[in-house]
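Heads up: numbering here begins at 1 and tracks the sequence.
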Amino acid sequence: MKEYSKQDIRNVVLVGATKSGKTTLAEAMLYEGKVIDRRGTVEDKNTVSDNDELEKQNQRSIYSTPLYAEFMGKKVNFIDTPGADDFIGGAYSAFRVCDCGILVVNAQQGVEVGTQAFARRAEDIKFPMILAVNQLDAEKADWDVVQASLKENFGGKIINVQFPVNAGTGFDGFVDVLMNKYYHFKDANGTREDLEIPAEYAAMAEEYRQALIEKAAEYDDALMEKFFEVGELTEDEIRAGLAKGIKDAQVYPVFCVSAKKDIGVKRLLEFTKNVCPVPDNKEDGPASLFIYKNDVEPHLGEVSYFKVMSGTITAGMDLEDPVSGNKERLSAIYAVAGTKKESVTCLKAGDLGCAVKLKNSRSDTTLSAPGSGITYDKIKYPEPKYRCAIKAKVQQEDQKLGDALKKIAATDPTTIVEYSKELRQTILSGNGEQHINIIKWRLVNEFGVDVELFAPKVPYRETITKVACAQYRHKKQSGGAGQFGEVHLLVCPAEGELNTKFKIDGKDTQLNVKTQDITELEWGGKLEFYNCVVGGAIDLGFMPAILKGIKEKMSEGPLTGSYARDIRVFVYDGKMHPVDSKEIAFIIAGRNAFKEAFRNAGPKILEPIYDVEVMTPAEYQGAVMSDLQNRRGILGDLGADKGFSILKARVPLAELYRYSTILSSLTSGAATFSMKFADYQPVPGDVQTKLLADYAAAEEEDE
């Protein structure tokens, strides 16, 4: 392979809803780029992109696959990404290293929720996009419906470069108004005839071309001036104007494609080569790269996929991670087309490639010239939407399970594994139940660990709602040194301004704060601790011990063993012994006095509440709303966005287990959602009663 400078490199991500045909399009692009001489199919399980055993079994993309084609003197790198929301992490990492996207739209469906999810991401980061209307050869393909759908979703950004001829099972060509030609295809192998536009399409072609010229002129004052004067632009001028609009994410050109029959793919590549943005990476200066994906491949081991961010990367080069200081040697570097890896001597700024068997570098890692200090921001992935508890079926394999999960998470940053000390469970989080099931399959089949998945415990919190006092004397005298400590304290909710006037033992009492300690708790909320002891009833030196005892009890709340939070504690009296008072005595006295006061202070269990946003086709809106309400959800704003209903609700985490699966069932897989932690709120009375009963039963069982 020859060396390519960034002017001759294009980096493109293929995105689109499930079943839109991205993998088939990728196969046709490889064929047109002479990387393969025969196109595989998803059904025959022999595509370059879907090369993993799981992808073949499921006949769908699960992982993103870097590919390339050398086409008309340019190197077009493209990444085929999964369409399912469960595997959206692959698209997020590809967005990071690509400079333009091809959004694939199913001609039978128009813009789907999945399409819109990728479009929203592109819009959020102002990412350039081209739209490829695929499957125009399908029986239910409808150009007019697709046009209406595109305009509803993307408005004035849409501009048609082409329109199809005989959309449906007879689809055999299209009119390209940029080239002013009719492209007719004689077979299913992309054999193309370049013809004059037939008379019956001339008027439509002229209408499309004028719209294209006007759109191109919008982004360049000189072109706009010429258009007003002459009423026409050349092909090169149209391309130049569109290039500016695309780069600024202000225009989305629309192309006609049947990836299955290789119709329109070559023209799409030509346009990509001529008009898509050139990488803006620096060719001079120190060498640096950003690793956006990791994988483990048979016969190769660990493979790190990267983009050259600056300078030139060469085989044998030594780089370092400026954050950790770890050194890495790139013993060999490769251009990548799925499992095909072509060894190259160098890759220049803007190019994509991979290295094998790096010692410490994983996804989201910068490697740069030693001493340069160059580093790049990590990829921000969506919040996980599915969580479950996981354990090995055979307890002796717990360590093996932990090692396996660590390896899986290293290659998939959207897989989050954490051991919850609070819940005493290993929690596995991902983007959906399909995502989690794939992880389970890998654990069983690749790592040989049989596992159980089950509903995780909920991280409840405990707090109080009113004022209460308690006192506790710890006294131990049974041979040897004794223990003595007595603590009198008052608790109240930690809210509002500090109040130090209380009724204690029936008397109005003004407490005077001597010292204070305010702790922001690691599990959220706070503990305010005030020493109000007068007259030396308890030495100041014992206050840390009392605080320690209280914190110990707050880490295992009195009601259900959950963390306690948002409490003020006033220690106002107590007693000590000149010989027997020790730190341990006041730890025990403080802990037990707090426990008793807590139970008398209107204790309340709090549950985590999540903000949930659902995007669904309008026909499923009622079913989705009803289901959210059945989950104790409080409905918020109801809106519409480009043809879809947007529902917002606040829903308890306890009610969201397997929600992604239920939502998919309710909407035939047409809806998507996001969820983000909002806050803690008191549980309803009936729920608290049940939680207390369940905890008491569990405690009794443990005994």
Side-chain angles (χ1 to χ4, degrees), residues 10 12 14 20-44 46-50 67-76 78 80 102 104-108 130-141 143 146 160-202 204-205 208 235 239 253-276 337-338 340:
R10 304 292 182 270
V12 181
L14 303 183
S20 59
K22 298 179 301 301
T23 296
T24 306
L25 175 59
E27 198 77 1
M29 292 168 72
L30 290 168
Y31 178 75
E32 289 292 345
K34 304 296 187 291
V35 177
I36 56 176
D37 54 18
R38 185 171 180 271
R39 290 178 291 134
T41 67
V42 173
E43 294 75 18
D44 290 338
N46 60 352
T47 63
V48 175
S49 184
D50 288 356
L67 308 157
Y68 74 87
E70 293 181 278
F71 184 79
M72 299 176 70
K74 308 290 185 187
K75 184 186 179 193
V76 180
F78 51 103
D80 180 22
I102 294 178
V104 185
V105 179
N106 189 334
Q108 303 173 88
I130 296 170
L131 303 188
V133 179
N134 190 24
Q135 301 181 33
L136 280 161
D137 59 317
E139 183 179 352
K140 295 181 180 178
W143 178 250
V146 170
N160 291 292
V161 177
Q162 302 167 346
F163 64 86
V165 173
N166 300 324
T169 54
F171 178 58
D172 60 357
F174 54 85
V175 172
D176 189 307
V177 297
L178 172 58
M179 303 301 292
N180 252 337
K181 288 182 181 178
Y182 166 51
Y183 294 104
H184 177 256
F185 292 80
K186 298 192 290 185
D187 55 36
N189 291 313
T191 306
R192 190 177 85 182
E193 294 180 302
D194 300 2
L195 306 172
E196 295 298 318
I197 297 174
E200 63 264 38
Y201 300 116
M204 184 181 295
Y208 272 65
E235 289 172 16
R239 286 194 194 95
V254 179
F255 286 77
C256 299
V257 173
S258 166
K260 187 176 181 180
K261 294 183 176 180
D262 195 9
I263 295 177
V265 178
K266 184 176 181 180
R267 266 298 293 138
L268 181 61
L269 274 171
E270 288 171 352
F271 188 84
T272 299
K273 170 187 79 74
N274 291 327
V275 181
C276 278
K340 177 184 175 182

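Using a 4.0 Å cut-off between charged side-chain N and carboxylate O, Glu270 and Lys273 make no salt bridge.
Between atom CG of residue Asn160 and atom SG of residue Cys256 there is a gap of 7.5 Å, rounded to the nearest 0.5 Å. Taken from CG in Asn274 to CG in Leu269, the straight-line distance is 10.5 Å, to the nearest 0.5 Å. Summarising the geometry, atom CG belonging to Leu178 is positioned 6.0 Å from atom CD belonging to Glu235; distances are rounded to the nearest 0.5 Å. Between the CG atom in Asp80 and the CE atom in Met29 there is a gap of 9.5 Å [rounded to 0.5 Å]. Separation of atoms CG (Leu268) and CD1 (Ile130) is listed at 6.0 Å; rounding is to 0.5 Å. If you take CG on Asn106 and CD on Gln135, they are separated by 4.0 Å, rounding to the nearest 0.5 Å.
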Given the rule in the side chain to side chain contact (heavy atoms under 4.5 Å, CB included) test, do Val257 and Val265 qualify, once you have shown the distances and angles that lead to the verdict? CA-CA 6 Å; Val257 173; Val265 178; 4.1 Å; yes

If you apply the rule side-chain hydrogen bond (donor to acceptor under 3.5 Å, both in side chains), what do you find for Thr41 with Asp44, and how did you get there? CA-CA 5 Å; Thr41 67; Asp44 290 338; 3.1 Å; yes

Report the C-alpha separation of Val133 and Trp143 in whole Å, then their side-chain angles, then the decisive distance to 0.1 Å, and conclude whether the side chain to side chain contact (heavy atoms under 4.5 Å, CB included) test is met. CA-CA 9 Å; Val133 179; Trp143 178 250; 4.0 Å; yes

Go through the steps to decide whether Tyr201 and Tyr182 satisfy the test side chain to side chain contact (heavy atoms under 4.5 Å, CB included), and finish with yes or no. CA-CA 9 Å; Tyr201 300 116; Tyr182 166 51; 5.7 Å; no

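Summarising the local packing, NZ of Lys74 is surrounded by more than 12 heavy atoms from other residues, nucleotides or ligands at distances under 6.0 Å. A 6.0 Å sphere centred on CD of Glu196 holds no more than 12 heavy atoms belonging to other residues, nucleotides or ligands.
Within the 3.5 Å criterion, the main-chain N or O of Ala167 finds no donor-acceptor partner in the side chain of Asp137. Of the possible polar contacts, one joining the Asn134 side chain to the Ala259 backbone as a donor-acceptor pair under 3.5 Å is found. A distance-only check finds a donor-acceptor pair linking the side chain of Asp187 to the backbone of Asn189 [under 3.5 Å]. Side-chain atoms of Gln162 never come within 3.5 Å of backbone atoms of Val254 as a donor-acceptor pair (strictly under, hydrogens ignored).
Contact detail for Val177 and Ala205: the closest heavy-atom pair is CG1-O, 3.5 Å. The two atoms that bring Gly168 and Ala141 nearest to each other are N-CB, 4.1 Å, heavy atoms only. Among all heavy-atom pairs drawn from Asp262 and Ala28, the shortest one is OD1-CB, 4.0 Å. Residues Pro164 and Phe171 share a closest heavy-atom pair of CB-CE1, 3.7 Å. Closest of all the heavy-atom pairs between Gly338 and Leu67 is N-CD2, 3.4 Å. For the pair Ala107 and Leu136, the tightest heavy-atom approach, listed with the atom from each and the gap, is CB-CD2, 3.8 Å.
Each of Arg267, Arg192, Lys266 was scored for a salt bridge (Lys or Arg N to Asp or Glu O under 4.0 Å) with Asp176, with one residue passing: Arg267.
The salt bridge (Lys or Arg N to Asp or Glu O under 4.0 Å) pairs that include a residue from residues 20-34 number zero, where partners must be two or more places apart or lie in different chains.
Scored by the ring-ring contact (aromatic ring centres under 6.0 Å, His included) test, Tyr31 finds no partners at all (sequence neighbours excluded). Contacts of Phe174 classified as ring-ring contact (aromatic ring centres under 6.0 Å, His included), with partners at least two apart in sequence or in another chain: Tyr183, Phe185.
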